[in-house]
Structures are given as C-alpha cells and as structure tokens.
**Q** 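Take this structure first; my questions come after.
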2 protein chains.
Amino acid sequence: MAFTIGDMSKATATKIETIRYYEKIGLLPKPARTTSNYRDYGQAELGRLSFIRRARDLGFSLDQVRALLSISGDRSCDCAGIDAIAKEHLLEVDRKLADLAALRKELKAVIDSCDGGIVADCRIIEALGPASPS
Amino acid sequence: MAFTIGDMSKATATKIETIRYYEKIGLLPKPARTTSNYRDYGQAELGRLSFIRRARDLGFSLDQVRALLSISGDRSCDCAGIDAIAKEHLLEVDRKLADLAALRKELKAVIDSCDGGIVADCRIIEALGPASPS
DNA sequence: ATAGGGTCTGTAGCGACTACAGGGTCAAGG
DNA sequence: CCTTGACCCTGTAGTCGCTACAGACCCTAT
C-alpha cells in the first residue's frame, strides 16, 4: 500500500524525473515522506498518476490534464466540461492529421522527383529552394 | 540587391527574431553590415533562407536542414545523401501519422462512450484512470 | 524637434521533459 | 562489520525551435 517513486515509475511507465517534475508544477500533490526523506505514495497518488499518464498518451496538454483533473475531482459536477475539453482536443488532433497528411504528400512528391545522380541535377535540392543556396 | 533583415523577413515569411536565431546557431552566415550596423543581405542569403524555410515547412529538423545545406553546397557530390535524409524523414512522418491516427481512434472511442450526466458516472473519466483520481 | 518606424544586442521564457552533479540511504553478500 | 550496488534526494542546466521582451540606436517625414 506504500510505494516508492521507483514503484510508481514502474507501475505507470513514467520516468522518475517526470514524476518529480509533475510534483514541482503541482500536478501531483507533495507526498508524505519516510524518515529517510523518501517520497511515500499511496493508492490515490498512483491512480492520479495513471490518469495523468493516460491523458498524456491521448495527447492532452498538461494544462488540459490539469483541467480534467480538477473537474473530475468534483464528482457531482456536470460532465459537459470534460466533454468539451476532449472534443476540442479531438479537433486539434484532426487538424494535425490533416496537416501531416498534406506535408507527407508534398514530401513524397519531392522525393519521387529525384532519380539519383549528382547534386547539381538533384530535383530535391531544386524543389527546396527557388534561388541557389550557397 | 541589398536587403535589410525586414526585407528578408517579408520575402520568406520568417520572423526577424527567427532570422537572427538562425544566424546565431550558424545556419545563416554572418552577413555584411551597413555603416550603422544593420545587417546587409544579398541574393545568396535570401536563397539560403528560402531553402531553410521550405525544408522546415516540410518538417525537416534544423539538424536535417543543416545536413541538406552542407550536401547541397557541394554541387558535384552524389545525390544519395540528400535522398537518404529525405526518405528517413518520410518514414518518420509516416510513423507520426500512424501514431496520430491510432490516438485519434482511441480518443474518439473515449468521447463516444460518454452520454452526458454527472462526473461520477462519466465514462471519459472512467476510461482515463483505472483507480479513482483523488 | 519630434514622432513613428525600423534595427541592434542580450537575456529570459515557452512546453514537457531529460540529464546531470554531488550527495544520502538501504539491503545483501563476503 | 564493511563494502558494493541499487535506489533515492535536491538543484540546476540542457533540449528544440523559436518567441518575447528590455533598453538602446538609427532613419525618414512632418
């Protein structure tokens, strides 16, 4: 029932430094300490860290995670706030996907234009700059 | 034929600070100066900056840009180096696309599981953490 | 003469960590 | 009992690619 920071790290696949960092920025509460000043975590902290990790894996920013945590702490509160954050994040992910797909297409075209040979004739270089890069 | 940093900025849609930053990290050469110590660019620098911008827009890292520039400077050199960098980058973009698509799918599932109501019953919160986040 | 733009240097900040340096602590084996 | 190695502590600085100042100088137009 009592975990060291190393236990927390293994259980959530989060680096020790990252856990300390989360504590420093107030995302995790300051835990109890053992007599030898080691951090001493309980089940609640492990749950909270799991939550943070999972949200981060889904691409939420630390600010979004903070908001999710604060809403989720108030169990009687309306679900709409959570939903709004998640949906806004989904839109952002969709935008990124579209951007990346467009970029990929262009990059592929640049690569395909090259059929070997010396740099002076290279189509990739040509495609990258309008004027001659010295 | 002589450009101020503002001209360069407008011509390449790059912020002035960014241009100075590129100079600081050695991506752009230190330009000539006017009598009043203003940076004084020529056509070559404009070309080089355009090249950098374009490569950055295609998602190359500054280190990759540096490599592309150094290879492209040697006009007689083999095209293969350029090709390798570009192809490696394409792979990276594909990995990112796959990751982002997987993330999107999961995020969508989490969002769809919620049908409103109070936080205590919220499926989004549930989906995010195995234990109760305090 | 002054107002407004531009430019200069240098430094600090962003997000989300990551990597030390330089120490203290603890359990197991010789 | 002592040592070895794994763990933990704090604090600071580095990463990437910029961005945003602060406090100064310069140039043109009115």
Side-chain angles (χ1 to χ4, degrees), chain A residues 2-28 30-41 45-46 48-49 51-69 85 88-89 92-93 96 99-100 103, chain B residues 2-28 30-41 45 48-49 51-69 85 89 92-93 96 99-100 103:
Chain A
F3 311 113
T4 66
I5 199 169
D7 296 334
M8 297 275 282
S9 169
K10 266 165 224 150
T12 61
T14 308
K15 297 203 169 167
I16 288 177
E17 287 91 346
T18 306
I19 299 176
R20 287 199 281 248
Y21 169 72
Y22 287 165
E23 178 183 330
K24 199 167 89 187
I25 63 168
L27 214 51
L28 283 175
K30 299 200 175 214
R33 297 294 182 126
T34 67
T35 51
S36 54
N37 202 32
Y38 284 17
R39 284 174 182 79
D40 191 19
Y41 296 101
E45 278 102 332
L46 179 55
R48 195 177 170 96
L49 180 55
F51 182 96
I52 294 169
R53 268 304 303 205
R54 181 103 179 90
R56 291 288 302 131
D57 283 348
L58 284 172
F60 288 96
S61 72
L62 288 185
D63 266 2
Q64 287 173 318
V65 174
R66 218 186 287 273
L68 288 172
L69 278 167
I85 293 172
E88 173 52 37
H89 178 47
E92 216 175 291
V93 169
K96 265 188 207 157
D99 285 355
L100 207 51
L103 186 156
Chain B
F3 311 112
T4 67
I5 198 169
D7 295 335
M8 297 276 281
S9 169
K10 266 165 224 150
T12 61
T14 307
K15 296 204 170 168
I16 288 176
E17 287 91 346
T18 305
I19 299 176
R20 287 199 282 247
Y21 169 72
Y22 287 164
E23 178 183 330
K24 200 167 87 187
I25 63 169
L27 213 52
L28 283 175
K30 299 200 177 216
R33 298 291 183 129
T34 66
T35 50
S36 53
N37 202 32
Y38 284 17
R39 284 173 181 78
D40 192 19
Y41 296 101
E45 279 102 331
R48 194 174 170 97
L49 181 55
F51 183 96
I52 295 169
R53 269 302 304 205
R54 180 107 177 91
R56 292 287 302 131
D57 283 349
L58 284 173
F60 288 97
S61 73
L62 288 185
D63 266 4
Q64 286 174 318
V65 173
R66 216 185 291 272
L68 288 173
L69 279 167
I85 293 172
H89 178 47
E92 214 175 292
V93 169
K96 266 188 204 157
D99 285 355
L100 208 51
L103 185 157

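Hydrogens, waters and symmetry mates are skipped; everything else that's a heavy atom, side chains included, is used. Proteins get letters first, then strands, A, B, ... in listed order; numbering begins at 1 in each.
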**Q** B:Asp63 vs B:Arg66, test: salt bridge (charged side-chain N to carboxylate O under 4.0 Å, His left out). Steps then yes/no.
**A** CA-CA 5 Å; B:Asp63 266 4; B:Arg66 216 185 291 272; 3.8 Å; yes
**Q** Between B:Ile5 (CD1) and C:dG5 (C1'), how many Å, whole number?
**A**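 Taking CD1 of B:Ile5 and C1' of C:dG5, I get 16 Å after rounding.
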**Q** At under 4.0 Å between heavy atoms, which parts of nucleotides 12-27 of chain C does protein reach? Answer with one letter per nucleotide, 5' to 3': B base, S sugar-phosphate only, - none.
**A** ----BBSB----BBS-
**Q** For residues A:Tyr41 and A:Asp7, determine if any side-chain heavy atom of one lies less than 4.5 Å from a side-chain heavy atom of the other.
**A**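 Side chain of A:Tyr41 against side chain of A:Asp7, heavy atoms only: no contact under 4.5 Å found.
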**Q** When the C1' atoms of the five terminal pairs at each end define the local axes, what inter-axis angle does the helix from C:dA1-D:dT30 to C:dG30-D:dC1 show, to 10 degrees?
**A** 30°
**Q** Is the phosphate of D:dC9, meaning OP1 or OP2, less than 4.0 Å from a side-chain N or O of A:Arg39?
**A** yes
**Q** Separation of B:Ile16 atom CD1 from C:dT9 atom C1', in whole Å?
**A**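 That distance rounds to 14 Å.
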**Q** Are A:Tyr22 and A:Leu62 packed together at the side-chain level, in the sense that at least one heavy-atom pair is separated by less than 4.5 angstrom?
**A**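 Heavy-atom side-chain distance check passes, below 4.5 Å.
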**Q** Would a 4.5 Å heavy-atom cut-off, applied to side chains only, mark B:Ile52 and B:Leu28 as touching?
**A** yes
**Q** For a quick test of reading the model, state the closest non-hydrogen atom pair linking B:Gln64 to B:Gly59 and the distance between them.
**A** OE1-O, 4.3 Å
**Q** Considering only heavy atoms from C-beta outward, does the side chain of B:Arg39 approach that of B:Arg20 to under 4.5 Å?
**A**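 Answer yes - side chains close enough.
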**Q** Has B:Thr14 got a side-chain atom pairing as donor or acceptor with B:Ser9's backbone, closer than 3.5 angstrom?
**A** no
**Q** Does some side-chain heavy atom of B:Thr34 sit less than 4.5 Å from a side-chain heavy atom of B:Thr4?
**A**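 The answer is no, as the side chains (C-beta and beyond) never meet within the 4.5 Å cut-off.
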**Q** Rounded to whole Å, how long is the line connecting atom CG of B:Leu27 with atom C1' of D:dC18?
**A**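 Going from CG in B:Leu27 over to C1' in D:dC18 covers 13 Å.
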